[in-house]
Structures are given as C-alpha cells and as structure tokens.
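Structure record follows, encoded as structure tokens.
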Amino acid sequence: MPVVNATVAAIFEQIADLLDIQGANPFRIRAYRNAARTIGGLGADVKTLLEQGTDLRDLPGIGDDLAAKIREIVETGQSALLRRLQKEVPPTVAELLRIPGLGPKRVRALHDDLDVQSLEQLLRAARDGRISQLPGFGKKIESRIVEAAQAQLSKVRRFKLAVAAQHAEPLIAYLRATPGVGKVVIAGSFRRMRETVGDLDVLATAQLPGKVMERFVRYEEVAEVLSHGDTRGSVVLTSGLQVDLRVVVPDSFGAALHYFTGSKAHNIAIRRLAQASGLKVNEYGVFRGALRIAGDTEQSVYACVGLPYIEPELREDRGEIEAARIGRLPNLLEMADLKGDLHAHSKASDGHD
C-alpha cells in the first residue's frame, strides 16, 4: 500500500489536534506534533526506510511508541488511536482550531455548552449572539469569529506542490500499471508548477477506458468516490486531496492535455487566436468546421494558431503568447543547467585533532 510521509504526518497532526481538544497531557501533544514535522520533512520515504530495516527510533523525537504507530500507518494506512479519538471527538470539531483566537479550551467550551461541532454551526452561533454569552467570550471575540469563520468556509484547501507530488507519484505509477493504458500524466496547476494546488487533474489514454476507471476508484488511498463514469471520475484521497481522472483516445491527447493544463486565461487567449483563423479549439482537438485537423500533440495545437510550443510553466497569459509570436520565449532552467561547488567542513582549523 503506497503510504507517503505526508500521510503519516497528517495523521499525527490530527491526533495532536484531537488530544489538544480533549485537554490531554501537553507533552504528549507536543510529541505528536514534533513527530509530524520530523516525518513530513524526511528526504527519504519512511516506507522504504522500514523495508530496509532502518530503526525509526534513530530519528529525532521518535521513541518506541511513535515508531510502532508509524509502522502501523505504513502497513495499514490507518491509526487505531486516531479512530478511537475520532469516536470520542467529532472530527469536524478539530476544524474549529483553525479559527484565530480559538484554542482548545474555547473549542471545548463551544462544544460542551453550545454543541458546536462544525464551522457552519460556529458561524450560526456567532450570528445568533450565543457565543458572547459564554464565560471567556465577548462581543469583540464573537465578531472576530464571524469574520474568521466566513473566511474559512470560503477558502479552498490547497496543498503545497511538494506535498501534492508525494501523493501524485505513487498514484501515477499505479495507473500506469493498468493493462491497456497508454500515457498517464498530471495536468492542471501541478503541471504548471504552481506553488500550491487545489486538486490533481490526471489525464490518461486507453482504448478501454472502463478498466482504467475501475482501477482508479479501487486505489487504496481513496477515501471517497465522488463520481465514477466511463471516461471520467473523481475521488478524494485519505489526505483530503481531490483527484480528477479523464481518459481520452490517443488522437485527442494533445488537445486534452493543453485544455486541462490551463491556465484558464491562457486557454481563452489561444481559443481567441483560433477563432480569428476560423478554427475551434477544445479538449477533443482543433477543428475547421466539423473537420478535426489537429490535437494528437500539444505542439500541433499551438502550430494551428501560428505559435511555437509554450512550456506549461509559462501558461498564465502574462505575455507568453506575445513572446512566442515574436520568438522571444525564455529558456527555462533544467537540471543539467544547475552547477555548484561542494562545500565541506573539517576540524583541521578548529584547534582540535
């Protein structure tokens, strides 16, 4: 089961949050938060370390109990302690800790006195004036809670690119192992290398898309299946990251990859160029009337509107189309371009042997 460091870290953070709400020993809470940071910041995959026989107790802040819990999560994808805590404290209550000014004591008071168990209930209680009547609260705090709860409810959860990559790589490898599958790539803001991503847009080619979709929804990291069709599906992983899969025929791969990579502003600009030439560009290809004239590659899509290929990282409609038109696209750095000197320290000059 492909369990990544980010999953282990997320479970430890959830455990710490729930223990905090319960008023558990502060040292115990801190131990889980420190362990989450340690595992989340590891350069190596914790599953690989275990398979190699590495003693996790050698990691900073990891003792016998935490090492055993890490192994449990890696081997099962779950934590018995987290399941127990979630039965004792509704999981939505932990979300209240994200509201500025709401620490564990106040969250417990809101839960125990007003039965507040979600952000929606928190906002309703604040608007009704019930929170200001509780000891330790007041009108000013209640007003701040209204503003913070509204902002939190309107916020779309986003994942750092490096964290999303930890979830994306094993999923892509899993899908590529599907019999009959052709290409499998990640599009969207992930492919454009944005700092954060809201979800993962996965594109695949296959002559029998149903097999790919069946394998997709059976992925062991799937926590919830949002939709499951013949050529498109959407799931939520245990980490909370949403993944959308679209399966297309090979002849449409380039057009679909361009379409789902975005950005929206860049795609609109390309469509306008196509319309000026009497063409139509969509996720299925480039069309002149009813005749499909391109779309198997992204290069063919750009060529139809008189442009060279534009790298995904540049597709934000911030001057890249004009630069492409006059042959002034920048050359992006590649790994081969990176050079450096090895910097090393010794004890030769510190006065010691």
Side-chain angles (χ1 to χ4, degrees), residues 1-98 103-104 107-108 157-174 177 196-197 200 218-224 235-241 243 345:
M1 179 177 181
V3 179
V4 295
N5 297 1
T7 300
V8 178
I11 289 177
F12 278 178
E13 284 288 358
Q14 291 178 62
I15 290 173
D17 285 342
L18 295 177
L19 288 173
D20 212 347
I21 291 173
Q22 288 184 328
N25 187 306
F27 294 101
R28 187 184 181 197
I29 297 168
R30 191 177 302 120
Y32 279 101
R33 295 203 189 282
N34 290 340
R37 284 193 292 270
T38 296
I39 300 301
L42 278 180
D45 180 37
V46 68
K47 179 181 179 182
T48 302
L49 293 179
L50 286 172
E51 291 173 346
Q52 293 173 345
T54 302
D55 190 344
L56 297 183
R57 294 174 299 179
D58 293 337
L59 297 174
I62 305 298
D64 292 341
D65 182 62
L66 288 171
K69 286 183 170 59
I70 292 171
R71 180 179 290 276
E72 175 195 11
I73 297 169
V74 169
E75 293 178 349
T76 69
Q78 300 179 6
S79 166
L81 174 59
L82 178 60
R83 290 199 303 271
R84 178 172 66 79
L85 291 172
Q86 288 174 333
K87 291 179 181 178
E88 297 171 359
V89 180
T92 52
V93 174
E95 295 182 11
L96 303 183
L97 289 173
R98 299 177 183 174
V107 168
R108 284 199 300 274
R157 184 181 180 188
R158 298 188 69 82
F159 292 76
K160 291 183 179 180
L161 183 65
V163 173
Q166 293 186 57
H167 298 288
E169 291 166 3
L171 172 59
I172 294 305
Y174 170 84
T196 62
V197 299
L200 291 179
R218 292 200 309 267
Y219 183 53
E220 291 182 311
E221 284 293 295
V222 169
E224 180 182 2
V235 302
V236 177
L237 304 183
T238 54
S239 63
L241 180 62
V243 183
H345 289 276

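We number each residue from 1, following the sequence as shown. This structure is a prediction, so every number in the text was calculated from the model and none was measured.
- Side chains of Phe12 and Leu82 form no contact here, defined as non-hydrogen atoms less than 4.5 Å apart.
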| request: Apply side chain to side chain contact (heavy atoms under 4.5 Å, CB included) to Glu75 and Lys47, showing your working. | output: CA-CA 8 Å; Glu75 293 178 349; Lys47 179 181 179 182; over 6 Å; no

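- Minimum heavy-atom separation, Ser79 to Ile15: OG-CD1, 3.8 Å.
- Between Val197 and Ala164, the closest heavy-atom pair is CG2-CB, 3.5 Å.
- For Arg37, the side chain to side chain donor-acceptor pair (under 3.5 Å) criterion is met by Asn34, not counting sequence neighbours.
- Between Glu221 and Leu171 the shortest side-chain heavy-atom distance does not fall below 4.5 Å.
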| task | Could you go through the side chain to side chain contact (heavy atoms under 4.5 Å, CB included) check for Leu19 and Leu85 one step at a time? | result | CA-CA 8 Å; Leu19 288 173; Leu85 291 172; 4.0 Å; yes

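- Considering only residues two or more places apart in sequence or on other chains, Ala68 meets the side-chain contact (heavy atoms from CB on, under 4.5 Å) condition with none of them.
- Between Tyr174 and Glu220, every side-chain heavy-atom pair lies at or beyond the 4.5 Å cut-off.
- Contact of the Gln78 side chain with the Thr238 side chain is not registered, since no non-hydrogen atoms from C-beta on lie closer than 4.5 Å.
- Looking at Lys69 and Val8, their side chains never come closer than 4.5 Å, going by heavy atoms from C-beta outward.
- The main-chain N or O of Leu50 is never found under 3.5 Å from a side-chain atom of Thr54 such that the two would form a donor-acceptor pair.
- Looking at every heavy atom in both residues, Ala35 comes nearest to Ile62 through CB-CD1, 3.7 Å.
- Between Ile21 and Leu96 there is no side-chain heavy-atom pair separated by less than 4.5 Å.
- Side-chain atoms of Asn5 come within 3.5 Å of backbone N or O of Val46 as a donor-acceptor pair.
- For the pair Arg57 (side chain) and Asp64 (backbone), a donor-acceptor distance under 3.5 Å is absent.
- A 4.5 Å side-chain heavy-atom check between Leu59 and Ile39 finds at least one atom pair inside the cut-off.
- Side-chain atoms of Val235 and Tyr219, non-hydrogen and from C-beta on, never get closer than 4.5 Å to each other.
- A salt bridge links Asp17 with Arg33: the distance from a Lys NZ or Arg NE/NH1/NH2 to an Asp or Glu carboxylate oxygen falls below 4.0 Å.
- With sequence neighbours excluded, no residue forms a side chain to side chain donor-acceptor pair (under 3.5 Å) with Asn25.
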